[in-house]
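Below is one structure, written out as structure tokens; comments come after it.
What you see is a predicted model, and the numbers here were worked out from it, not measured in a lab. Each residue takes its place number in the sequence, starting with 1. Every heavy atom of this structure was used, including side-chain atoms; hydrogens, water molecules and symmetry mates were not.
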Amino acid sequence: MDLEARKQKFIQQLFEVNETLLDKLEYVLKNGLQNSERITLEDYNKEIDEAIEDIEKGEFYTQNEAKKIADQW
């Protein structure tokens with residue numbers, strides 16, 4: 001399976017993951033594997049606060065919007 005096919009399969013699988021796994025995947029994408037330490041409670045709460053602020057500002061995608069974006073990849 002080539003890289004593009006693997007990416008497409010991965011994207012499709014993202015629609016099936018639960019919130020806990022999605023949080024972990026987002027953390028890996030944001031911080032990379034070089035920082036494999038557990039996130040501190042303070043950092044975790046800070047990220048939650050930032051996410052809530054983004055949502056309150058309307059800075060988010062609905063599931064349908066995210067699917068449309070992923071379909072364009």
Side-chain angles (χ1 to χ4, degrees):
M1 183 180 304
D2 69 356
L3 182 58
E4 284 301 311
R6 290 175 58 202
K7 288 179 182 179
Q8 288 293 331
K9 183 176 180 181
F10 185 78
I11 291 166
Q12 291 303 315
Q13 291 172 325
L14 285 176
F15 290 106
E16 303 297 325
V17 300
N18 64 32
E19 188 170 357
T20 301
L21 179 55
L22 185 59
D23 290 342
K24 291 176 182 179
L25 291 169
E26 288 174 332
Y27 181 80
V28 169
L29 289 173
K30 180 178 178 184
N31 298 296
L33 294 175
Q34 76 278 4
N35 184 7
S36 60
E37 299 174 16
R38 293 183 62 104
I39 187 170
T40 65
L41 183 58
E42 181 180 322
D43 288 340
Y44 182 75
N45 286 331
K46 180 180 174 190
E47 288 182 13
I48 290 173
D49 291 339
E50 290 170 357
I52 290 171
E53 288 176 20
D54 287 344
I55 291 168
E56 288 173 347
K57 290 188 261 180
E59 296 176 0
F60 63 91
Y61 294 108
T62 66
Q63 182 175 351
N64 288 337
E65 290 170 332
K67 182 166 178 11
K68 288 178 185 175
I69 292 168
D71 287 342
Q72 294 174 1
W73 294 348

Side chain to side chain, L25 and V28, heavy atoms closer than 4.5 Å: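 No, side chains not in contact.
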Residue pair D71 / Q12, side-chain heavy-atom distance below 4.5 Å: yes
From [X] [atom1] over to [Y] [atom2], what is the distance, rounded to the nearest 0.5 angstrom?
X: E50; Y: I52; atom1: CD; atom2: CD1; value: 10.5 Å
X: E56; Y: E53; atom1: CD; atom2: CD; value: 7.0 Å
X: K68; Y: T62; atom1: NZ; atom2: OG1; value: 7.5 Å
X: L3; Y: Q8; atom1: CG; atom2: CD; value: 10.5 Å
X: E26; Y: L21; atom1: CD; atom2: CG; value: 10.0 Å
X: W73; Y: F10; atom1: CH2; atom2: CZ; value: 9.5 Å

Minimum-distance pair of heavy atoms, taken over all atoms of I55 and F60: O-CE2, 3.7 Å
Pairing residues for T20 by the side chain to side chain donor-acceptor pair (under 3.5 Å) criterion, not counting sequence neighbours: none
Residues that D54 engages under side chain to side chain donor-acceptor pair (under 3.5 Å), provided they are two or more places apart: none
Trace of the side chain to side chain contact (heavy atoms under 4.5 Å, CB included) decision for Q13 with V17: CA-CA 7 Å; Q13 291 172 325; V17 300; 5.6 Å; no
Hphob cluster co-occupancy, Y27 + L22, side-chain heavy atoms under 4.5 angstrom: no
Exceeds 12 heavy-atom contacts within 6.0 angstrom, atom CD of E42: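 Open: at most 12 neighbouring heavy atoms sit under 6.0 Å from CD of E42.
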Within 6.0 angstrom of E65 CD, more than 12 heavy atoms from elsewhere: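 Yes, CD of E65 has more than 12 neighbouring heavy atoms, counting only those of other groups under 6.0 Å.
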Residues clustering with L29 (ILVMFWY side chains joined when closer than 4.5 Å, directly or via others): none
